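Remarks on the structure that follows.
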Protein chains: 2
Amino acid sequence: MRITIRDVSEAAGVSFKTVSRVLNKERHVRPATRERVEAAMKALNFRPSYAARALAGARSFQIALIYDNPSPYYVHTIQMGVRARCLKDRIRMIVQPCDLTSPALAAEIGGLIDETHVDGVILAPPLGDIAAVTDELDRRGVAYVRIAPGDPTAAEERVTMDDAAAAALMMRHLIGFGHVRIGFINGPLDHVSAQRRLEGYRSALAEAAIAVDDALVVAGGFDFETGEAAAGALLDGATPPTAIFAGNDDMAAGALAAAHARGIAVPDALSIAGFDDIDLARAVWPPLTTIRQPIHALAYAAADLLLDTDEGDAAGAVPDYELVVRGSTGVCRMG
Amino acid sequence: MRITIRDVSEAAGVSFKTVSRVLNKERHVRPATRERVEAAMKALNFRPSYAARALAGARSFQIALIYDNPSPYYVHTIQMGVRARCLKDRIRMIVQPCDLTSPALAAEIGGLIDETHVDGVILAPPLGDIAAVTDELDRRGVAYVRIAPGDPTAAEERVTMDDAAAAALMMRHLIGFGHVRIGFINGPLDHVSAQRRLEGYRSALAEAAIAVDDALVVAGGFDFETGEAAAGALLDGATPPTAIFAGNDDMAAGALAAAHARGIAVPDALSIAGFDDIDLARAVWPPLTTIRQPIHALAYAAADLLLDTDEGDAAGAVPDYELVVRGSTGVCRMG
DNA sequence: CTGTTAGCGCCTTCAA
DNA sequence: TTGAAGGCGCTAACAG
């Protein structure tokens with residue numbers, strides 16, 4: 001049957017409480033005793049029951065990663081980032097995709113907390129901006145960290161980057177090549193990051209004294225299909241853009257497909273730029289110029305913020321975004 | 001504080017044991033009583049503690065999904081498939097990436113079982129083919145299902161597809177366009193599916209009486225970078241191929257990048273084909289012709305096999321692979 | 001520094 | 001068809 005701390009305590013010749021102490025790295029255990037217990041644990045191949053620890057104690061050694069995001073690359077990167085940090089403390093990560101449009105969303109997340117006893121929650125975009133969700137978490141007093149939320153309040157419990165500035169950076173890059181009619185494929189507006197990126201788009205145009213043409217701003221859903229459709233709408237319009245800036249790389253890839261389908265040469269007749277620098281940006285042709293978002297680092301930092309007891313300033317370690325020029329805009333000639 | 005079955009029992013005017021019965025959908029509860037209890041559970045917003053159930057009972061209502069796979073799309077699709085089935089039975093899915101090359105792999109998985117009390121395990125490729133892992137699981141008597149293993153034994157506990165036949169199908173397609181020198185970028189050989197695909201490559205050539213040139217078979221790692229490098233090696237060789245068949249879509253995308261970087265026109269001077277039909281196949285240009293693998297369905301079926309008590313033949317519901325022609329080979333002209 | 005006693009929330013016997 | 005003990009493996013609060 002299962003090996004318990006009682007088995008370990010017998011093997012080590014101590015009380016089972018001492019084993020518990022060693023397990024929890026508590027102070028006040030003589031080094032020799034500790035070593036004996038650890039040796040016994042190894043010899044018996046002892047593994048503590050997370051269920052029992054959660055039930056008896058105040059912690060469950062589990063955290064939940066919750067998201068509703070249409071980009072597999074993004075989700076995967078977030079998972080890897082959180083996982084990397086969890087591994088350090090032997091914390092289990094409960095991956096929980098959810099449905100943003102469900103009216104029961106907050107209740108479901110609340111239920112998850114109760115059922116699993118998780119010690120904390122990481123909210124991947126755009127969940128950090130859903131008030132119903134954060135309210136539910138606040139009500140329960142569960143610790144949580146939001147990745148890249150748009151809401152400026154509660155600055156201490158989030159890791160973030162400046163989406164507006166990043167988008168403006170890309171826009172200046174495009175404008176620098178002489179583009180005036182630049183289409184923008186925006187993400188869904190319930191992602192606050194999408195709103196911020198749109199702000200950056202607008203401010204950079206204003207900065208260059210280029211009038212904003214609302215017909216050039218179209219909505220997408222952060223995935224390939226909607227990007228393709230949105231780009232199609234732009235390209236089939238009365239006065240199509242000479243460049244398209246997509247709100248993320250999945251949509252940029254869709255835009256490429258739309259251009260190709262219409263026989264529009266990229267980058268000679270049309271520049272396309274993305275945002276995220278997931279692997280997709282390298283997989284498509286021509287290689288996309290994108291804003292590299294430190295997704296993995298953001299996720300790692302979020303987990304760090306949640307797990308760190310000694311208040312290390314994890315957020316400070318998050319690298320900034322950067323513009324990655326890969327030639328699709330760099331060799332652009334005006335259409 | 002936490003709402004427990006005791007609170008529910010008081011509200012419903014029954015003993016807490018009766019609440020437990022309702023929770024577990026046991027027989028021998030009068031319908032009226034059951035309804036009263038269910039109403040109380042809803043009114044109090046009761047959520048059972050998974051930890052307590054796991055500790056007290058024989059089940060934990062959790063299963064583990066274990067994988068080591070470099071393709072984010074593949075991993076994401078597998079997760080969604082398993083999750084869809086878990087949702088039906090309110091089973092929690094523990095997502096567990098692992099490291100195939102770790103000498104402690106089996107021990108780590110064994111530890112996971114002990115720590116979490118999971119009721120079963122789903123092994124995504126290539127874990128189903130690692131004897132050390134399946135041995136560890138067998139020793140513990142944990143139920144498990146393998147997704148697309150290469151090993152022909154234990155047919156009842158796996159869901160699978162015929163990789164060799166699928167690869168041969170693609171090869172016949174390429175050969176039908178007149179290709180004779182067809183490069184093959186294989187996946188890592190510790191994926192048995194990679195071995196099977198190579199078999200299909202070889203058998204189709206034999207069938208067409210084309211001699212196999214071992215210089216045309218190169219190794220990749222199932223990701224973009226290795227695909228790019230492998231294709232580069234093929235294209236820079238003495239007598240480059242007129243077509244390249246990559247062992248999965250990520251590598252096919254890499255091959256496209258390698259061709260583009262060398263100014264080789266695809267599909268006019270070189271045909272490229274992939275395998276998997278993840279979104280990547282549509283994102284790249286030209287759109288890849290691929291083998292569509294029913295990844296989601298396989299994952300769903302695997303979970304179904306694990307969770308179904310009444311032995312429904314889930315595996316029978318798995319749709320077969322199919323060849324998806326998108327033009328990159330269809331408009332091929334010989335180089 | 002170490003051990004004792006009492007639960008955590010639920011399921012598993014048993015008995016009624 | 002329901003209820004009453006007992007315990008799952010561990011931690012919390014106390015003693016020593």
Side-chain angles (χ1 to χ4, degrees), chain A residues 1-38 40-41 44-62 90 92 111-119, chain B residues 1-38 40-41 44-62 90 92 111-119:
Chain A
M1 278 303 297
R2 171 178 281 281
I3 309 289
T4 74
I5 52 172
R6 298 202 114 86
D7 301 316
V8 176
S9 70
E10 277 176 33
V14 296
S15 86
F16 74 89
K17 175 65 236 194
T18 302
V19 178
S20 172
R21 288 211 171 84
V22 172
L23 193 58
N24 292 293
K25 301 192 200 308
E26 285 174 29
R27 268 172 267 267
H28 307 309
V29 179
R30 207 187 313 163
T33 312
R34 180 184 300 277
E35 276 169 34
R36 209 140 37 87
V37 170
E38 279 169 349
M41 293 203 295
L44 291 172
N45 198 20
F46 166 74
R47 304 286 178 161
S49 160
Y50 275 55
R53 301 181 89 183
L55 199 54
R59 309 175 55 191
S60 73
F61 303 91
Q62 296 184 134
R90 309 219 61 185
R92 201 154 300 286
L112 170 77
I113 311 292
D114 293 341
E115 287 173 357
T116 61
H117 306 230
V118 286
D119 301 327
Chain B
M1 281 301 298
R2 172 179 281 280
I3 309 289
T4 74
I5 53 173
R6 298 200 113 87
D7 302 317
V8 175
S9 71
E10 276 176 34
V14 294
S15 86
F16 75 89
K17 172 65 235 192
T18 302
V19 178
S20 171
R21 288 209 172 85
V22 172
L23 193 58
N24 292 291
K25 299 191 199 311
E26 286 176 30
R27 268 172 269 266
H28 308 306
V29 180
R30 208 185 312 162
T33 313
R34 180 183 302 277
E35 277 169 33
R36 209 142 36 87
V37 170
E38 278 168 351
M41 293 203 293
L44 291 173
N45 198 21
F46 166 74
R47 304 285 178 161
S49 158
Y50 275 54
R53 299 181 89 183
L55 199 54
R59 308 175 55 191
S60 73
F61 303 91
Q62 297 184 134
R90 310 219 60 186
R92 202 154 299 284
L112 170 77
I113 312 291
D114 292 342
E115 288 173 357
T116 61
H117 306 228
V118 287
D119 301 328

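Please read these numbers as outputs of a predicted model, since none were measured by experiment.
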Subject >> From CZ (B/Arg6) to OG (B/Ser15), nearest 0.5 Å >> reply: 9.5 Å
Original post:
Do side-chain atoms of A/Arg53 reach the backbone of A/Arg59 as a donor and acceptor pair under 3.5 angstrom?
Top reply: no
Subject >> For A/Arg30, all residues meeting side chain to side chain contact (heavy atoms under 4.5 Å, CB included), sequence neighbours excluded >> reply: A/Thr33
Subject >> Side-chain N,O (A/Thr18) to OP1/OP2 (C/dG3) below 4.0 Å >> reply: yes
Original post:
Just how large is the angle between the end axes of the helix from C/dC1-D/dG16 to C/dA16-D/dT1, five pairs per end, to 10 degrees?
Top reply: 30°
Original post:
What are the two closest heavy atoms between A/Asp119 and A/Ala58, and how far apart are they?
Top reply: OD1-O, 4.2 Å
**OP:** For A/Arg2, look at atom CZ and say whether over 12 heavy atoms of other residues, nucleotides or ligands are found less than 6.0 Å away.
**Re:** yes
Subject >> Per-nucleotide protein contact string for nucleotides 8-16 of chain C, where B marks a base within reach and S marks sugar-phosphate only (heavy atoms under 4.0 Å, - for neither) >> reply: BBBBB----
Subject >> side chain to side chain contact (heavy atoms under 4.5 Å, CB included) partners of B/Phe46, counting only residues at least two apart >> reply: B/Ile3, B/Ile5, B/Val8, B/Leu23, B/Met41, B/Pro48
**OP:** Verify side-chain contact (heavy atoms from CB on, under 4.5 Å) between B/Ile113 and A/Arg47, making sure each step is shown before the conclusion.
**Re:** CA-CA 9 Å; B/Ile113 312 291; A/Arg47 304 286 178 161; over 6 Å; no
Original post:
Where do A/Ser49 and B/His117 come nearest, in terms of heavy atoms and distance?
Top reply: OG-NE2, 2.6 Å
Original post:
Between B/Asp7 (side chain) and B/Thr4 (backbone), is there a donor-acceptor pair under 3.5 Å?
Top reply: yes
Subject >> chain B footprint on DNA chain D, 5' to 3' - any atom under 4.0 Å from a heavy atom >> reply: D/dT1 to D/dG9
**OP:** List in chain and number order the residues that pass side chain to side chain contact (heavy atoms under 4.5 Å, CB included) with B/Arg92, two or more places apart in sequence or in another chain; answer none if no residue qualifies.
**Re:** A/Ile94, A/Gln96, A/Leu112, A/Glu115, A/Thr116, B/Tyr50, B/Gln62
